[in-house]
Amino acid sequence: MPPTLDPPAVRAWCRLSLQALGRAREEIDAINVYPVADGDTGTNLFLTVESAAQSVDAVFEGHAASGGTPDLTSCLRSMAHGALIGARGNSGTILAQLLRGMAEVLAEDAGDLRPALRRAAESAYQAVAHPVEGTMLTVATAAAEAASAVNGDVHEVSRAAYEAARLALAATPRQLAVLGDAGVVDAGGRGLVAVLGALADAVSGQAPMGPLDDVLRVPLPRSASQVVPYGCATGEDGTEGGDPHLTPGGPGFEVIYLLEAPDRAVPALRTRLDRLGDSLVVVGGDGLWNVHVHVDDVGAAIEAGIEAGRPYRIKVTHFGDQARALEQGRRGTTGPHGAGERERALRAVVAVVRGDGLAGLCAQAGATVVAVRPGEPPASGDIAEAIRRAHADEVVLLPNEVELRHAVGAAAEQARAEGVRVALIPTRSAVQGIAALAVHEPTRRFDEDVVAMTSAAGATRYAELAVAEARSWTMAGVCQAGDVLGLIDGDVAVIGGNLVETGIIVLDRMLAAGGEMVTFVIGAHAPPDLADRLEAHVRDSHLAVDTVVYDGGQETCPLLIGVE
């Protein structure tokens, strides 16, 4: 079968890119010296691709629920949209535009990568206010030019683009002085090479084509302990001096936000932000944009977005603080002299939950909470940041959803790389997380505590009630839109007409195998008497079974049930 770019290949491209960037993340972070040496390019690229991969997975899962498969156009648009809304940093924002440019062309002609790569490079140059050679823009252009010269199938074109990108990457230290002075290649370009290599692998189905270092004609990248943030003033002990900027005289803050705005408002926004700072990148289109800029006046940058439309997901990073955190992380300290502002805890629990009620419940139990908002699954970077907030030597992770296991696992790997001992307990529902938290005892040995929490979670069967959004096939038969679905351990077991009747059937099936405690977690849109009526049924029909009710506030389902 000839190589092709079909929906499974797009999904494989996202996954292979994520794997490649995951392996190279720390190395790319370590060689990040341009445009500012904030040591996060590898992480930003990983998080951007992670968001793209999650978006594509969601499309496949949505079609699988109705017994179908997505078409190529929806896959490509989902990939580009996921990258856009999840783009982090300068490099991630540019990568999002590259993927968007490719998707626009491939949606019309999936058989020809050449115009797609050309559109990607051109649109990325247009998105950057002041393009600089020796960066990932140069690497993207080299890939596009090499692809245009090949008269072959998608694998031959993608391989030519990959090989040309590798060679262009090796030349970046000769094009950009700061790279040559540091003895490294461009960090963003290196990440782009990984993504292009994943594309070639995805369309061919072949094994990855090998490491990058065999074609680099520059010294090996310095280790993280050797790279000093470019232009950052340091004292004799290596700590930062009085200048809070990474580059003397340069902007002190990175501002990123998503922006809902008409296309006609963007040129004026670009002009205003360009006057305020540098490293300006505005990507997107069709009313949704991702804005990235380095400024001193954060308020003015956000006000510019407000005048253009509706900015949200606003993220502000102070480069001085980031440099200090980077240096302290390299030294394994939490403060300038090895003593943190607050003492590290021995052990902490980080729980990922939906709903304000569940978040409050877990926080009261002592957990550091990562809140999941409707339609906004957390990225591994969000979870890794929560691990850092927990400020502990040992951390237990509770994902509480099957779909979040990958993101939580990636966050665990990031934390381990930073010297934190991490255990991931495979909780598949919030009720299993509650059961695990109930037996958590930080004074026990770490392994004993993890075993006890894992046993408690595993001994808790879980169910949920949901309302079908469309007609579809399930393990319990065909459901219609509006039907109430009773899912036990993740599978549809009951199709009913209302919440109370379906909940009673689910309870009876679960308690037929025994149980001592039933936990009800009530959703934001559940009827006010739902818990009372289900509790009454348990009292009348199942002797010696206790019940407990929590107001979860989750938007996605009206009821979660746990049976211990």
Side-chain angles (χ1 to χ4, degrees), residues 1-21 47-87 95-113 115-117 119-120 153-155 157-158 195-196 198-205 284-288 372 374-379 401-407 466-475 478-481 485 487 490-492 556:
M1 186 174 182
T4 184
L5 186 64
D6 55 11
V10 173
R11 194 179 197 184
W13 179 19
C14 290
R15 290 179 172 177
L16 290 171
S17 296
L18 201 58
Q19 292 171 10
L21 290 170
L47 294 175
T48 302
V49 173
E50 181 182 50
S51 181
Q54 289 175 340
S55 185
V56 172
D57 284 343
V59 169
F60 270 86
E61 290 163 5
H63 281 76
S66 57
T69 56
D71 57 34
L72 180 61
T73 298
S74 63
C75 284
L76 291 168
R77 287 176 177 170
S78 294
M79 176 188 67
H81 179 74
L84 177 67
I85 65 174
L95 178 61
Q97 187 66 11
L98 289 167
L99 294 178
R100 179 182 175 86
M102 291 187 69
E104 289 174 349
V105 176
L106 291 172
E108 300 175 1
D109 183 5
D112 197 347
L113 279 174
L117 290 166
R119 172 78 66 83
D153 60 27
V154 290
H155 178 235
V157 172
S158 63
V195 172
L196 290 173
L199 172 61
D201 294 337
V203 298
S204 69
D286 301 322
L288 181 62
V372 183
E376 298 182 12
E401 287 189 34
V402 175
E403 293 78 9
L404 296 177
R405 283 285 304 279
H406 175 80
V467 179
E469 296 181 355
R471 184 178 188 275
S472 62
W473 291 88
T474 75
M475 294 186 66
V478 180
C479 72
Q480 306 295 330
L485 307 180
L487 292 84
D491 295 322
V492 177
T556 52

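The structure displayed is predicted, hence computed values, not measured ones. Positions are given from 1 along the sequence. No hydrogens, no waters, no symmetry mates; every other heavy atom, side chains included, goes into these values.
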Who passes side-chain contact (heavy atoms from CB on, under 4.5 Å) against C14, sequence neighbours left out? A53, V56, M79

Listed partners of A103 passing side-chain contact (heavy atoms from CB on, under 4.5 Å), at least two apart: L76, A80

Are any of the side-chain heavy atoms of L98 and M102 separated by less than 4.5 Å? no

Partners of E401 by side chain to side chain donor-acceptor pair (under 3.5 Å), sequence neighbours excluded? R354

Residue from L113, L106, L199 passing side-chain contact (heavy atoms from CB on, under 4.5 Å) with V154: L113

From CG (D286) to CD (E104), nearest 0.5 Å: 7.5 Å

When rounded to the nearest 0.5 Å, the distance separating CG of L99 from OG of S17 is 8.0 Å

Assess whether side chain to side chain contact (heavy atoms under 4.5 Å, CB included) is satisfied between L288 and I85, documenting all intermediate values. CA-CA 9 Å; L288 181 62; I85 65 174; 3.9 Å; yes

State, yes or no, whether a side-chain contact exists between V372 and L404 at a heavy-atom distance under 4.5 Å. yes

Apply side-chain contact (heavy atoms from CB on, under 4.5 Å) to E469 and list each qualifying residue two or more places apart in sequence or on a separate chain. none

Verdict with supporting geometry, R11 and V59, side chain to side chain contact (heavy atoms under 4.5 Å, CB included): CA-CA 10 Å; R11 194 179 197 184; V59 169; over 6 Å; no

So L5 and V10, side chain to side chain contact (heavy atoms under 4.5 Å, CB included) or not? Walk me through it. CA-CA 7 Å; L5 186 64; V10 173; 4.1 Å; yes

Go through the structure and list residues passing salt bridge (Lys or Arg N to Asp or Glu O under 4.0 Å) with D112, not counting sequence neighbours. R114

Taking every heavy atom of S78 against every heavy atom of S55, the minimum-distance pair comes out as O-OG, 2.8 Å

Gap between atom CH2 of W13 and atom CG of L18 - 0.5 Å precision: 13.5 Å

Can you find a pair of side-chain heavy atoms, one from L21 and one from T48, that are under 4.5 Å apart? no

Pairing residues for E108 by the side-chain contact (heavy atoms from CB on, under 4.5 Å) criterion, not counting sequence neighbours: none

Side chain to side chain donor-acceptor pair (under 3.5 Å) partners of E50, counting only residues at least two apart: S380

Over all heavy atoms of both residues, which pair between D6 and L72 is shortest? Give the atoms and the distance, please. C-CD1, 3.9 Å

Which pair of non-hydrogen atoms, one from C479 and one from L485, has the smallest distance, and what is that distance? CB-CD2, 3.8 Å

For S158 and V203, the nearest pair of non-hydrogen atoms, with its separation, is OG-CG2, 3.5 Å

Please give me the minimum heavy-atom distance between A83 and A96, naming the atom from each residue. O-CB, 3.6 Å

Which residues pass the salt bridge (Lys or Arg N to Asp or Glu O under 4.0 Å) test with R77, sequence neighbours left out? none

Is Q480 reaching over with its side chain to a backbone N or O of A470, donor-acceptor style, under 3.5 angstrom? no

Run the side chain to side chain donor-acceptor pair (under 3.5 Å) test against S74 and tell me which residues pass, sequence neighbours left out. D71

Which pair of heavy atoms, one from C75 and one from P7, lies closest together, and at what distance? SG-CB, 3.7 Å

